[in-house]
2 protein chains.
Amino acid sequence: MRVKEVAERLGVTADTVRFYTRIRLLNPNTNPHNQYKEYSHADVERLKFVVAARSLGFTVEDISTIIAKAEDHQSPCPTVRQIIEKRLEETERQFQDLIALRARMSAAIAQWEDTPDRVPNGHMICHMIESFAGGFSDDTEK
Amino acid sequence: MRVKEVAERLGVTADTVRFYTRIRLLNPNTNPHNQYKEYSHADVERLKFVVAARSLGFTVEDISTIIAKAEDHQSPCPTVRQIIEKRLEETERQFQDLIALRARMSAAIAQWEDTPDRVPNGHMICHMIESFAGGFSDDTEK
DNA sequence: ATTGACCTATGTCTAAGACATAGGTGTAGC
DNA sequence: GCTACACCTATGTCTTAGACATAGGTCAAT
Ligand SMILES: [Zn+2]
Ligand SMILES: [Zn+2]
Ligand SMILES: [Zn+2]
Ligand SMILES: [Zn+2]
């Protein structure tokens, strides 16, 4: 199979499969005539694993580590448990950041509904953004 | 003022200020002797604006656009309203994606609590990841 | 003048692909 | 066989918003 077929079969783009191949997460045979990659059943199996792991928040580097361990006949499970715990924490942080951001955006939009447009003068760029309560005072405005 | 002072005053890193300077979002004078940048009061004011806009989810490119309009003596307000609406939609999408990801991760961790570690064989890398219900069936496993 | 702590500008790197492009494939028509 | 032409491929470059590394500059104390 060539890249597009394998990509479609797993619901990812051909570019994604090419990327995984580039970083040697997949190692298909290369046709020496045109450099086209030929993906075997085993390659598809591995890609399936990568897609599943990605969907659980593992980075491609995490996945490389995991696969390396497995190929070394060691159980990757402890590593997997450790990593996902860390990734979940990161996700939680991002989540909180995103909630805060969304709240600020919504508040700004709400506040600006009753604010007229204004042409900037020398000491202001957009009064809406500048007046939005964030408290970014420079504390040295004399 | 030099980069560090201005950065501290606004609660960002010196690298951030340098980055904004590099992309000409800030345009401090340069000491021709040592290339050190000298930030004026006006530069600090502009940085204050950039920081405020960033905290509302505007990209640096958005901010460039907004500033350009203001410097052209046009009101940037309609642009600002348009952009933040779009950015809020994106944030909302990210938010939903993140909720789904977090749910998958938590579910996986919960499921794996009762799963023993296992050493991989030729047809498996990590059974925990592989067996986690995501339904990534290749549909051609004959 | 010399040290040494701190600071600076510049270049490079990051994640995970998307995008652009030059060239290859394969089928249809002649 | 040859030519179109639609589609596919590998490769190189680009993306975000800074972080990091490093060679060199500053400045106060010696
Ligand atoms: Zn199989
Ligand atoms: Zn405005
Ligand atoms: Zn001012
Ligand atoms: Zn496992």
Side-chain angles (χ1 to χ4, degrees), chain A residues 1-39 43 47 49-67 83 86-87 90-91 93-94 97-98 101, chain B residues 1-39 43 47 49-67 83 86-87 90-91 93-94 97-98 101:
Chain A
M1 300 163 62
R2 305 220 273 229
V3 63
K4 188 155 192 260
E5 188 181 348
V6 80
E8 274 170 359
R9 204 171 282 204
L10 277 138
V12 297
T13 69
D15 273 329
T16 295
V17 178
R18 285 193 197 102
F19 171 64
Y20 294 158
T21 304
R22 231 185 297 210
I23 64 175
R24 328 216 95 233
L25 206 50
L26 301 176
N27 299 290
N29 287 330
T30 298
N31 180 328
H33 171 56
N34 54 16
Q35 301 298 109
Y36 283 20
K37 308 296 185 294
E38 184 63 31
Y39 294 87
D43 293 317
L47 177 57
F49 177 77
V50 174
V51 171
R54 287 288 296 129
S55 90
L56 284 174
F58 293 94
T59 68
V60 296
E61 194 172 355
D62 293 339
I63 299 169
S64 291
T65 304
I66 293 164
I67 289 178
I83 295 176
K86 184 159 54 147
R87 297 292 169 243
E90 291 167 5
T91 300
R93 265 193 296 279
Q94 285 178 46
D97 290 352
L98 217 49
L101 173 60
Chain B
M1 301 164 62
R2 305 219 274 230
V3 63
K4 187 153 192 262
E5 187 180 349
V6 83
E8 274 170 0
R9 202 172 284 205
L10 277 143
V12 297
T13 70
D15 273 329
T16 295
V17 178
R18 284 194 198 101
F19 171 64
Y20 294 159
T21 304
R22 228 184 301 209
I23 64 175
R24 330 221 91 228
L25 206 49
L26 300 176
N27 298 290
N29 287 329
T30 298
N31 180 328
H33 172 55
N34 54 15
Q35 299 300 108
Y36 282 21
K37 307 296 184 294
E38 184 62 30
Y39 294 86
D43 291 319
L47 177 56
F49 179 77
V50 174
V51 171
R54 287 288 297 128
S55 90
L56 284 174
F58 293 93
T59 68
V60 296
E61 194 173 356
D62 292 340
I63 298 169
S64 291
T65 304
I66 292 164
I67 290 178
I83 294 176
K86 186 161 51 150
R87 298 292 169 243
E90 292 168 5
T91 300
R93 263 193 298 279
Q94 285 179 46
D97 290 352
L98 217 50
L101 173 59

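As a basis for the values below, the full set of heavy atoms in this structure was taken, side chains included, without hydrogen atoms, waters or symmetry mates. Naming convention: chains lettered A, B, ... in sequence-line order (proteins, then strands); numbering from 1 in each chain.
Taking only side-chain nitrogens and oxygens, B:Q35 never comes nearer than 4.0 Å to OP1 or OP2 of C:dT8.
DNA chain D is contacted by both A:V3 and B:T16; A:V3 maps to the nucleotide lying nearer its 5′ end (nearest heavy atom per residue). Looking at which nucleotide of DNA chain C each of B:N34 and A:F58 is closest to, the 5′-most match is held by B:N34. Each of A:Y36 and A:Y20 has a nearest nucleotide on DNA chain C; the 5'-most of these lies closest to A:Y20.
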Salt bridge (charged side-chain N to carboxylate O under 4.0 Å, His left out) assessment of B:E90 paired with B:K86: CA-CA 6 Å; B:E90 292 168 5; B:K86 186 161 51 150; 5.5 Å; no

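Remark: C1' of D:dA10 and CG of A:L26 are 15 Å apart, rounded to the nearest angstrom. Spacing between atom CD of A:E38 and atom P of D:dC8 amounts to 16 Å, rounded to whole angstrom units. For B:H33 and D:dG24, the NE2 to C1' distance is 11 Å, given to the nearest whole Å.
Here D:dT16 is the nucleotide among D:dT9, D:dT16, C:dG17 with the atom lying nearest to any side-chain atom of B:E61. For B:F19, the side-chain atoms get nearest to D:dG18 when compared with the rest of D:dG18, C:dT10, D:dA10.
Here A:R9 pairs with A:E5 in a salt bridge; the nearest charged N to carboxylate O distance falls below 4.0 Å.
A:E38 places a side-chain N or O within donor-acceptor distance of the main-chain N or O of A:M1, the cut-off being under 3.5 Å. Although no hydrogens or angles enter the test, the distance criterion places a donor-acceptor pair under 3.5 Å between the side chain of A:D62 and the main chain of A:T59.
With hydrogens and angles ignored, a donor-acceptor pair closer than 3.5 Å exists between the side chain of A:R22 and the base of D:dG12. Checked by distance alone, B:R54 brings no side-chain donor or acceptor within 3.5 Å of a matching partner on the base of D:dG18.
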